[in-house]
Amino acid sequence: MDEDCVEISMTNDVQEIASLAARIDEFCESRGIGPMIANAVNVSLDELLTNTIDYGYDDEGLHQIGIVLSRQADKLVVEIDDDSRAFDPSGSPPEVDLDAPLEDRPIGGLGLFLVHELMDSVDYRRTDGRNVVTLKKHLID
């Protein structure tokens with residue numbers, strides 16, 4: 001694996017998301033990738049991983065989730081690999097009325113909306129019983 005790529009493994013425990021965020025911040029900082037991009041990736045991963053951990057597993061057992069972070073030319077690419085129930089976050093998220101009062105908004109949907117707003121692309125495939133989500137964020141605005 002080259003120096004512009006890091007593989008991170010975590011279990012299906014939301015407590016591990018904070019240490020993942022610190023690793024992403026370190027990766028970005030050491031490569032001159034600004035904090036706004038690191039934050040966009042961290043918010044997106046927090047949303048996707050929290051949903052996977054909270055809703056994706058049918059048992060209470062430990063499951064490994066793999067994250068590969070790489071800098072590829074002018075973009076940051078994040079691949080998430082897990083064995084949770086099939087779920088495709090790549091489609092258009094539900095419309096969110098950000099101007100509606102909180103009590104009038106439906107529960108859910110804001111996380112996927114945020115991921116699609118923060119990332120330049122969200123792709124999904126199911127391979128050998130595993131979800132593989134690929135996020136891309138351009139480094140040049």
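Atom CZ in Arg125 sits 8.0 Å away from atom CG in Asp81 (nearest 0.5 Å). Rounded to the nearest 0.5 angstrom, Cys28 SG and Arg23 CZ are separated by 12.5 Å. The distance from the CG atom of Asp46 to the CG atom of Asn51 is 9.5 Å, given to the nearest 0.5 Å. Note: Leu20 CG to Ile67 CD1 = 5.0 Å, rounded to the nearest 0.5 Å. In this structure, the separation between CG on Asp74 and NZ on Lys137 is 12.0 Å, given to the nearest 0.5 Å.
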Decide side chain to side chain contact (heavy atoms under 4.5 Å, CB included) for Ser44 and Val115; before the verdict, give the C-alpha distance in whole Å, the side-chain angles of both, and the deciding distance to 0.1 Å.
-> CA-CA 5 Å; Ser44 297; Val115 171; 4.1 Å; yes
Please lay out, stage by stage, how Asp25 and Asn42 fare under the test side chain to side chain contact (heavy atoms under 4.5 Å, CB included).
-> CA-CA 8 Å; Asp25 287 343; Asn42 278 325; 3.0 Å; yes
Starting from the C-alpha separation in whole Å, work towards a yes-or-no answer on side chain to side chain contact (heavy atoms under 4.5 Å, CB included) for Leu139 and Leu76.
-> CA-CA 7 Å; Leu139 300 176; Leu76 189 59; 4.0 Å; yes
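Taking the centre and axis of the six-membered ring of Phe87, the NZ or CZ atom of Arg85 falls outside the cone set by 45° and 6.0 Å.
In terms of modelled atom types and a separation under 3.5 Å, the side chain of Thr50 and the main chain of Glu47 share no donor-acceptor contact. Of the possible donor and acceptor atoms, none in the side chain of Asp13 sits under 3.5 Å from a partner among the backbone N and O of Leu62. No donor-acceptor distance shorter than 3.5 angstrom exists from the side chain of Asp83 to the backbone of His63, with no hydrogens or angles considered. Judged purely by atom type and a 3.5 angstrom limit, Glu16 uses its side chain to pair as donor or acceptor with the backbone of Thr11. Side chain of Arg71 to backbone of Arg31: a donor-acceptor contact under 3.5 angstrom is found.
Residues Ile24 and Val78 have side chains not in contact (no heavy-atom distance under 4.5 Å, counting atoms from C-beta outward). Thr52 places none of its side-chain heavy atoms less than 4.5 Å from the side chain of Asn131. In this structure, Asp120 and Lys75 have side chains that are not in contact, with every pair of non-hydrogen atoms separated by 4.5 Å or more. Residues Leu48 and Val122 are not in side-chain contact: their nearest non-hydrogen atoms beyond the backbone lie 4.5 Å or more apart. The shortest side-chain heavy-atom distance between Ile53 and Met10 falls under the 4.5 Å cut-off. Inter-residue side-chain proximity for Leu49 and Asp82 is flagged as unmet; no heavy-atom pair is nearer than 4.5 Å. You'll find the side chain of Gln72 stays beyond 4.5 Å of the side chain of Asp4, heavy atoms only. You'll find the side chain of Leu135 stays beyond 4.5 Å of the side chain of Val41, heavy atoms only.
Under the 4.5 Å side-chain heavy-atom criterion for ILVMFWY residues, no single connected hydrophobic cluster contains both Val132 and Ile8. At a threshold of 4.5 Å between side-chain heavy atoms, the hydrophobic network of Ile, Leu, Val, Met, Phe, Trp and Tyr places Val77 and Phe27 in two separate groups. Transitive grouping of hydrophobic side chains (ILVMFWY, heavy atoms separated by less than 4.5 Å) brings Val14 and Val133 into a common cluster.
Of all non-hydrogen atoms in Cys5 and Val68, the two that sit nearest each other are SG-CG1, 3.5 Å. Residues Leu112 and Pro89 share a closest heavy-atom pair of CD2-CB, 3.6 Å.
Heavy-atom neighbours of Gln64 CD from other residues, nucleotides or ligands within 6.0 Å: above the threshold of 12.
Remark: Tyr124 engages no residue in a ring-ring contact (aromatic ring centres under 6.0 Å, His included) (not counting sequence neighbours).
Using a 3.5 Å distance cut-off with no hydrogens or angles, the side chains of Asp88 and Ser90 do pair a donor with an acceptor.
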